[in-house]
Enquirer: 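Provided herewith is a single structure, encoded as structure tokens, for subsequent inquiry.
The figures here come from the full heavy-atom set of this structure, side chains too, leaving out hydrogens, waters and symmetry mates.
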Amino acid sequence: MAVVSGCGTDQVPLSSPTPANPAQEQRCRDLLDALPETVADQPRRSVDPADALGAAWGDPAITLTCGDRMPTEFDRFSACQVVDKVGWFVPDEQLYDDDRDAELATVGRRPVIRVHLPATYRPDGLAAVMVDLAPAVEQQTQLVKQCR
């Protein structure tokens, strides 16, 4: 997903996906403009390249990419967490192990949003990320199927 290094004042290197089509890319750009300045009480940071379809907060960086694919672990039997009308998938082993980094992905929305949460922010950071990002994600992505 994202490769992250450096200190809080540096730009966060971010490898962003290529959206499926121009409409998805525009939705991603609109999402980036709507994202909050803080996530899990961490300030937003610049990313490199500046035009990446993603964002970062804090040090170590919480990263978000837009237009990504669903994680390979996700299938039709996977559970999802619904927070403020947005469904999120977190692999079970990451959801319940506060010593691990967590990889979140939106469920039933286009484009897909993926978030990397370093273990440093656990346990409260997982819920905080979902709550803080929900308004922008709900507004700027298209719901194609309800999370079950």
Enquirer: Any non-hydrogen side-chain atom of Asp84 less than 4.5 Å from a side-chain atom of Val131?
Expert: yes
Enquirer: Spell out, yes or no, whether Leu32 and Val137 are grouped together once hydrophobic residues are joined by side-chain heavy atoms under 4.5 Å, including indirect joins.
Expert: yes
Enquirer: Rounded to the nearest 0.5 Å, how far apart are CE of Met130 and CG of Leu104?
Expert: 5.5 Å
Enquirer: Would you say CD of Glu73 has more than 12 non-hydrogen atoms from neighbouring residues, nucleotides or ligands within 6.0 angstrom?
Expert: yes
Enquirer: For atom CG of Asp48, decide whether the heavy atoms of other residues, nucleotides or ligands shown that lie under 6.0 angstrom number more than 12.
Expert: yes
Enquirer: Find the distance between CG (Leu31) and CD (Gln26) and round it off to the nearest 0.5 Å.
Expert: 11.5 Å
Enquirer: Could you check if a side-chain atom of Thr141 sits within less than 4.5 angstrom of a side-chain atom of Thr106, using non-hydrogen atoms only?
Expert: no
Enquirer: Write down the atom of Ala136, the atom of Ala34, and the distance for their closest heavy-atom approach.
Expert: CB-O, 3.6 Å
Enquirer: According to a 4.5 Å side-chain heavy-atom criterion applied to Ile, Leu, Val, Met, Phe, Trp and Tyr, with indirect links allowed, do Tyr96 and Val82 form part of one hydrophobic cluster?
Expert: no
Enquirer: Thr65 and side-chain contact (heavy atoms from CB on, under 4.5 Å): which partner among Pro17, Ser15, Pro111?
Expert: Pro17
Enquirer: Hey, does Arg29 have a side-chain heavy atom less than 4.5 Å from the side chain of Leu53?
Expert: yes
Enquirer: Does Arg45 reach the main-chain N or O of Gly58 with its side chain, forming a donor-acceptor pair under 3.5 Å?
Expert: yes
Enquirer: Grab the two heavy atoms, one from Val47 and one from Ala52, that are nearest each other, plus how far apart they are.
Expert: CG2-CB, 4.3 Å
Enquirer: If Ile, Leu, Val, Met, Phe, Trp and Tyr residues are connected whenever their side-chain heavy atoms lie under 4.5 Å apart, and connections chain through other members, are Val86 and Val144 in the same group?
Expert: no
Enquirer: Can you tell me how far the CG atom of Asp124 sits from the CG atom of Asp98, to the nearest 0.5 Å?
Expert: 8.5 Å
Enquirer: To the nearest 0.5 Å, tell me how far Arg122 CZ sits from Asp99 CG.
Expert: 8.5 Å
Enquirer: Considering only heavy atoms from C-beta outward, does the side chain of Leu95 approach that of Leu126 to under 4.5 Å?
Expert: yes
Enquirer: As an exercise, state the distance from CD1 of Ile113 to CG of Leu35, rounded to the nearest 0.5 Å.
Expert: 8.0 Å
Enquirer: For Gln24, is there any backbone N or O sitting under 3.5 Å from a side-chain donor or acceptor partner on Arg110?
Expert: no
Enquirer: Mark yes or no for whether Gln94, through its side chain, and Glu103, through its backbone, hold a donor-acceptor pair below 3.5 Å.
Expert: yes
Enquirer: Which of these, Arg27, Glu138, Lys145, sits in a side-chain contact (heavy atoms from CB on, under 4.5 Å) with Arg109?
Expert: Glu138
Enquirer: Donor-acceptor pair, distance only, cut-off 3.5 Å: does the side chain of Asp101 make one with the backbone of Ala119?
Expert: yes
Enquirer: Considering only Ile, Leu, Val, Met, Phe, Trp and Tyr, and joining two whenever side-chain heavy atoms are under 4.5 Å apart, list the other residues clustered with Val112.
Expert: Met70, Phe74, Phe89, Val107
Enquirer: Between Val129 and Tyr121, is any pair of side-chain heavy atoms under 4.5 Å apart?
Expert: no
Enquirer: Quick one: pull up CG in Leu64 and CH2 in Trp57 and give me the separation to the nearest 0.5 Å.
Expert: 5.0 Å
